[in-house]
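Only one structure is covered here, and it is reproduced in the block below.
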Amino acid sequence: MAIIAPFQGTQVCNFHSKRVILSENLIGYLDDQGNIIDTQSAGEGCSAAPIEYDNSEEALEIIRHSTAHLMAQAIKELYPDAQFFVGPVVDEGFYYDFRVSEKIGEEDLKKIEKKMKELIKKKYKIEKYEISKAEALEKFANDDLKQAVLKNIPDEKVSIYRQGDFEDLCRGPHVPALRFLNNFKLTRVAGAYLGGDENAEMLTRIYGVAFATKEALKAYMTMLEEAKKRDHRKIGTEMELFMFNEESGAGLPFWMPQGAKLRHKLEQILHKAHLTRGYEPVRGPEILKADMWRTSGHYACYGENMYLTEIDGQEYGIKPMNCIGHIQIFKQTQKSYRDLPLRYYEYGVVHRHEKSGVLHGLLRVREFTQDDAHIFCTPEQIASEVLDVVGFVDAVMKLFGFEYTMEIATKPEKAIGEDAVWEMATAGLKEALEGNNLPYSIDEGGGAFYGPKIDIKITDAIGRKWQCGTIQVDFNLPERFEVEYVAEDNSRKRPVMIHRAILGSFERFIGILTEHYAGEFPFFLAPTQVIFVPISDAHADYAFALKKKLRMEGIDSEVYDKNDSLNKRIRTAEKKRVPYVVIVGDEEVANNTVAIRNRRTREQYNLTQDEFMVELTKQLTEGTI
RNA sequence: GCCAGCAUAGCUCAAUCGGCAGAGCAGCCGCCUUGUAAGCGGCAGGUUGUGGGUUCAAGUCCCACUGCUGGCUCCA
């Protein structure tokens, strides 16, 4: 997308002299602070850089905001009792929250779109006027939603935008007239709590997208369709990776043989990587006495998400996190400063009672396995340990070619621990990211009450961001469980705990991996890595011998010797998203070779068995970090 | 949990106004013995998510539950 060139002093005159010429496509200005000023607010002789009608970020922001208003106007005409709350611009589009007595479903969106198009034909200008806040409170006296909006506005003056007989309290910016709104689509209807408060009333929200050109809108819709094709739920069913079962319960995934093979390979890669980095494997029980969860604070803070049960009259809780187990193991034997940092890791199965409405394929489930580790260290060791973890994260993300973002969440208002330790920990997190030349953003006050953290977020096929890895510094649990080590001066000291996960969970990560690769996993991950197609029954033995040979190297293969035509079996093999399809017939059997088919080019080449094995084992080692 | 929808064979979908549940793919059996993306023939597959109700008659209408989808809230 074109970004408007930064404002240059010498261009002022040019802009001014061209303004009449530009005005056909002029929809606003960008000042040198990066603020967008619409034409209604700019007045005569505006010296800021003009924003023309196109697909630039700034232009789209104006267009989308106005499209939201146009939608509101259409809704108001179709549902006269509708009352409007807020209608902001979001990624790719906009939404508007409103209250209406009638039920609005997906099929009503077309009707609203049609009304929007009718309104455009009326060629309304969008006009702005200002009134005092007191006047606004008076004007919207009968509209409690507008009263709620006004309550959040600190300014003494508020602006109203009007198009035809529709007007709305709004800060802008808006396009000068409805004629600029042509390429939009209403995408979905949803419910949204007033002000995001779960206890508040639920309003109706309609989402839409808007662009400056027909092509951009079409490209976006095509992108959505493509993303749908690689939805991990669809591919997971097609490839028989995983399943859910209504009778067994929501959010409880089953791993079918193909999925279990894939997952096992991922586990093995990570297992080796942990050992290389000096982690020790441990394993805690799945269920612990509720008193443990009271001590940890989970019972009080996280209790409603926990599954609790009773055994012989005692209350137990199924673990939602693995920390407690690791702490018990640490405490089992006396530790010296020489033992630190001590890194325990576990593929920990956890259960969390997620609300039914949030479950989403493998990306949000009620039982999942974390690649969890807890590093016990001194406060001085935080920086170097975090540096190491961040390097680990980066290696994993690079292996799969993931784009990811990191966010440091700092001390919240309600927090425990001394400021000096918080500062040291937060500085440690920042140093680690800067030391790895990794960009990050700061979530001020977003840390846990027990320490600051770094969250790692990956983007899925349709641009949704999912938190995967997390690195959390914790001063709280060591205190609560009285964890100690013997220091150099023979005194007892309290270690710091770093909680960290890199994938986050195998479930979520595999879900995202599936969409990322559209099911075409790299060789070292693919559940079936090679499919052999013997030309006739006579060549099946040769194929099975090869399969056995690959098995010895830890490579999964299948032989397609079904009672089908050769072409059919090749077609079936090609559709399996397998890295190698290998055909064997008289020629290959006679020469001890294989005929490899390149799936994309449909070209083929021959290798000797030895060359083939070298090629495959080489590709296996690419999955090393 | 809340708002709006959806649920027919393993998968993708059809069934007019409430009037005999159907197709393709996958599966199984047989013929064919194949040189690079669907050879031919046959068989089987269903209490239409579950439970109730209205009706002479329900896949279709109504209610509840379960599960799923898109959001809200939350989160690995």
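Below, chains carry the letters A, B, ... as their sequence lines are ordered, and counting in each starts from 1. Atom set for the values below is all heavy atoms of this structure, side chains included, hydrogens, waters and symmetry mates excluded.
For a distance-only test at 3.5 Å, the side chain of A:N563 qualifies as a donor-acceptor partner of the base of B:rC31. The base of B:rU33 sits with one of its N or O atoms less than 3.5 Å from a complementary donor or acceptor on the side chain of A:D537.
One interatomic measurement links the two molecules: NE2 of A:H539 to P of B:rG35, which rounds to 10 Å at whole-angstrom precision. Rounded to whole Å, the distance from CZ on A:R571 to C1' on B:rA26 is 12 Å.
Using cut-offs of 30° and 60° on the angle between ring planes, the pair A:F523 and A:Y580 is perpendicular.
At a threshold of 4.0 angstrom between heavy atoms, the contacts of A:D564 include nucleobase atoms, whether or not backbone atoms are also involved. Residue A:E201 is out of contact with every strand shown, counting any heavy-atom pair closer than 4.0 Å. Within the 4.0 angstrom heavy-atom criterion, base atoms lie near A:E587. Among the heavy atoms of the strands lying under 4.0 Å from A:G357 is at least one base atom, whether or not backbone atoms are also near. A:A501 comes within 4.0 angstrom of no nucleic acid atom, judged by non-hydrogen atoms across all strands. Counting any heavy atom pair closer than 4.0 Å across all strands shown, A:A595 reaches a base atom. Using a 4.0 Å heavy-atom distance criterion, A:G504 is classed as a sugar-phosphate-only contact. In this structure, A:D197 reaches neither bases nor backbone, as no heavy-atom distance under 4.0 Å exists between it and the strands shown.
Listed candidates were B:rU36, B:rA76, B:rC72. Nearest to the side chain of A:R597 is B:rU36. Listed nucleotides: B:rG71, B:rG5, B:rG1. Nearest to the side chain of A:K355: B:rG1. Nearest nucleotide to the side chain of A:S356, out of B:rG1, B:rG70, B:rA37: B:rG1. Comparing B:rG70, B:rA4, B:rG39 by their closest approach to the side chain of A:R233 singles out B:rG70. Comparing B:rG1, B:rC68, B:rU36 against the side chain of A:A250 picks out B:rC68 as the nearest. Checked against B:rC28, B:rG70, B:rG35, the side chain of A:K562 finds its nearest nucleotide in B:rC28. The side chain of A:S536 sits closest to B:rU33 out of B:rA37, B:rU33, B:rA76. In the set B:rG35, B:rG70, B:rC75, B:rC75 carries the atom at the smallest distance from any side-chain atom of A:R364.
The shortest distance between the side-chain N/O atoms of A:Y207 and the OP1/OP2 oxygens of B:rC72 is below 4.0 Å. Between A:R569 and B:rG39, a side-chain N or O to OP1/OP2 separation shorter than 4.0 Å is absent.
Atom CD1 of A:I583 is separated from atom CG of A:N606 by 10.0 Å, given to the nearest 0.5 angstrom.
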Do nucleotides 6-17 of chain B as a string where each nucleotide becomes B, S or -: B if the base has a protein heavy atom under 4.0 Å, S if just the sugar-phosphate does, - if no protein is that close. ------------

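Among A:W466, A:F400, A:Y404, the single residue meeting the ring-ring contact (aromatic ring centres under 6.0 Å, His included) criterion with A:F509 is A:F400.
The main-chain N or O of A:I375 is never found under 3.5 Å from a side-chain atom of A:R500 such that the two would form a donor-acceptor pair.
The partner of B:rU12 is B:rA23, by the rule that a Watson-Crick or G-U pair needs both atom distances under 3.5 Å.
Residues satisfying the side chain to side chain contact (heavy atoms under 4.5 Å, CB included) test with A:T514, not counting sequence neighbours, are A:H232, A:I235, A:L241, A:I510, A:F521.
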